[in-house]
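A, B, ... follow the sequence lines: proteins, then strands. Residue 1 opens every chain.
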Protein chains: 2
Amino acid sequence: MENELSERKQKILAAIVEQYIRSGEPIGSKSLMEVLPMKVSSATIRNEMAELAALGLLEQPHTSAGRIPSHSGYRYYIDHLMHARELDDDSRRKIEAAIGEGGDPEHLLSKAGEVLADLTNCAAVSTTPAGESTKIRRIEMVPVGSRTAMLVLLTSTGILKSRICRVDTSITVPLLERFYNVTASQLVGRALADVHTTAMQTLAASLGADAFSLLPLLAAVAELARDAAQADIRLDGQSNLLGYRELEENAYELMEFLRNGEPLNALISSNKEDVHVLIGKENRFRQLSNSSLILARYDVGGEESGTLGVIGPTRLDYAKLIPSVRYLTDLVGRLLTRSMHDEE
Amino acid sequence: MENELSERKQKILAAIVEQYIRSGEPIGSKSLMEVLPMKVSSATIRNEMAELAALGLLEQPHTSAGRIPSHSGYRYYIDHLMHARELDDDSRRKIEAAIGEGGDPEHLLSKAGEVLADLTNCAAVSTTPAGESTKIRRIEMVPVGSRTAMLVLLTSTGILKSRICRVDTSITVPLLERFYNVTASQLVGRALADVHTTAMQTLAASLGADAFSLLPLLAAVAELARDAAQADIRLDGQSNLLGYRELEENAYELMEFLRNGEPLNALISSNKEDVHVLIGKENRFRQLSNSSLILARYDVGGEESGTLGVIGPTRLDYAKLIPSVRYLTDLVGRLLTRSMHDEE
DNA sequence: AATTAGCACTCAACACATCCGAGTGCTAAC
DNA sequence: GTTAGCACTCGGATGTGTTGAGTGCTAATT
């Protein structure tokens, strides 16, 4: 998009976007006149608005109504006109209060999601940390029956995954010892990504006589690793979305879409930028075509790990929400780094 | 409610309830005539309907409309008229497919919730197992930094809880050993309910010199125990509720109510029966006054442990859903019992 | 050439009137 | 006790004005 808009057009566009974000009603030339810093007649504004509409930056719900920003209008606003507002103290306090000292990643993220949803009055998405270089920190095997054990895996990012595993032989102390020997020497400290099925097979081959009894356990560990390597998506405050008139129509579809995390995951993981804003149809999912997303990555120990973001109507208060999301991702990243990497 | 309705009134009431459950539209005397097994004129049916209405079993949305069952009408139907339909093979297959062999409680319940929501086209609630006699099965302490450790607690019901704990001294091997000594001898095997703060204090008092360094860790363990003792509520398929016209009006309120689990928890834990049906205003929450709940307990190892259920409009297909919920609770109970208590 | 006043025009939203028909309650006959 | 018949009710759909915010265009003004 060329940046060739006259100063006045820019001011008008910005004012329309901001007013519309506030009110949700189409903006007419008269009411706009009162808000604009310069003194021009409504007729002039109408002319400018007509040109902005011709450029595709504004649209009209119907002939006799005011204008609302088009998707490109929002885009232009965000890229060129918006100046981010600092996070106000009240929000900052709320965040501090909700998150406190942090804790394990899952709690932390659930708190972060809740507070973000609450603060923005939108739905909040969050994914658990899952970087390339995540390692296995600990593996535990807890017998819970004569032939069943619970396997627990803890990653270097603080994610805990567990699974029940049934074996054909009864679980004895020597079996446990052999399991711990193998896992401690071969698996703990390895990257999650390295523990795929083929690696397990070569590992199993080297076990000799023990292979038979250990195999199902190791297979389960491999599954756990696979599980842990993949980010979990959390969603908070979906009900907030029901409050927006413009989403009401496809509320059901939208909720249904959000429920099954697959496509959302695809969208999130395609985000390579620091803060990513997707407006309406800019994403490829029909169900989200009336919605905007603001997504931001958080880093743990210097590595890109997970994502936090909000989903709401296109009429989001970007100037406020973008800084909010960024602030929260920074905070989460910092807290997680401190919890998981402090080696002072 | 007296059981003094004439046979014919019973048939009529049953037919109205069943038709209304199907269509969601008020039922008129004419259309009812075609459905009823006996041959009577619409006028007769009208007379009977008027009497049923006088008894409070039916109500009229407005004068010139058909009748719909009142809450007491549903109640009478469920208690006296309904004959539960066997679970059809298709549903049974779906359940088997979704749940498979089971696994840990959390996965199992999430699967159960999903399939229940899917099967019933309602929202499904589920709580993790948390009985009186749940015990601590294992406690692990995993250093994740020089002064932080992750504490992990596994209960006899298979619930895993974790927490990050920071200590003031650096974490050394001797500290770990002392921690494991204390926990293994004093805490593992104890009931969750016994590990309250006061018990921890007397325990701490007996530690002598170690108290200082161990105290924060033990306090964290106590918190974990408290956490684990309390059932977590899961909710699935909330979006299903958006499909019902009669819920649309207060959809936002309803979702908001479900989101914050507190009151729902109160409702669930007050359920002492095998299968409990709450119709409309029978519960004390305004937000649920247009909804019905079907709740059922599942037992693990012979003890009442958790609850599964559905939430939907009052117009639920009770004859189908009650058996479905019961079947699923039985299955979940059986699988969890097998995973957690098999000592053959 | 840009701006503005003025004006005719558009169209959603609202109010109001009308009609329709499903369904009722009642009465009188069976 | 049951039924046919009928007057009556009332929500929902349909139709018709009316209103008013907002537009686009033209012609006058700066």
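Qualifying side-chain contact (heavy atoms from CB on, under 4.5 Å) partners for A:T63, counting only residues two or more places apart in sequence or in other chains: none. Qualifying side-chain hydrogen bond (donor to acceptor under 3.5 Å, both in side chains) partners for A:E114, counting only residues two or more places apart in sequence or in other chains: none. Remark: A:E248 engages no residue in a side-chain contact (heavy atoms from CB on, under 4.5 Å) (not counting sequence neighbours). Taking the side-chain contact (heavy atoms from CB on, under 4.5 Å) definition, one finds that B:A251 meets it with A:L242, B:L242, sequence neighbours left out. A:S29 pairs by the side-chain contact (heavy atoms from CB on, under 4.5 Å) definition with A:S42, A:I45, A:R46, A:M49, not counting sequence neighbours. Remark: B:R22 engages no residue in a side-chain hydrogen bond (donor to acceptor under 3.5 Å, both in side chains) (not counting sequence neighbours). Remark: B:E34 pairs with no residue by the salt bridge (Lys or Arg N to Asp or Glu O under 4.0 Å) rule, at least two apart or across chains. The salt bridge (Lys or Arg N to Asp or Glu O under 4.0 Å) test applied to A:K320 returns no partner, not counting sequence neighbours. With sequence neighbours left out, B:S41 forms a side-chain hydrogen bond (donor to acceptor under 3.5 Å, both in side chains) with B:T44.
Within 4.0 Å (heavy atoms only), A:T63 reaches sugar-phosphate atoms of the nucleic acid but no base atom.
Rounded to an integer number of Å, the gap from CD of B:E48 to P of D:dT2 is 7 Å. Distance CD1 (A:I68) to C1' (D:dA21): 16 Å, rounded to an integer number of Å. What separates CZ of B:R245 from P of D:dG12 is a distance of 11 Å, to the nearest Å. Between B:K39 atom NZ and D:dT2 atom P there is a gap of 11 Å when expressed in whole angstrom units. Taking atom CD of residue A:E59 and atom P of nucleotide D:dG22, one finds them 18 Å apart after rounding to whole Å.
Here A:R75 pairs with A:D79 in a salt bridge; the nearest charged N to carboxylate O distance falls below 4.0 Å.
Protein chain A touches strand DNA chain C; the 5'-most and 3'-most nucleotides with an atom under 4.0 angstrom of its non-hydrogen atoms are C:dT3 to C:dA12.
Defining each end axis of the helix from C:dA1-D:dT30 to C:dC30-D:dG1 as the rotation carrying four pairs' C1' atoms onto the next four, with five pairs an end, the two axes are found to diverge by 20° to 10 degrees.
Between A:F257 and A:F285, the ring centre distance stays below 6.0 Å.
Remark on DNA chain D: of its neighbouring residues A:M49 and B:S64, the 5'-side contact belongs to B:S64, judged by nearest-heavy-atom nucleotide. Annotation: of the two residues near DNA chain C, B:G66 and B:N47, the 5′-most nearest-nucleotide partner is B:G66. Mapping B:R46 and A:R46 onto DNA chain D by nearest heavy atom places B:R46 closer to the 5' end of the strand.
Of the residues in residues 27-35 of chain B, those placing a heavy atom less than 4.0 Å from an atom of DNA chain C are B:G28, B:S29, in numerical order.
In terms of phosphate contacts, B:R8 brings a side-chain nitrogen or oxygen within less than 4.0 Å of OP1 or OP2 of D:dT2.
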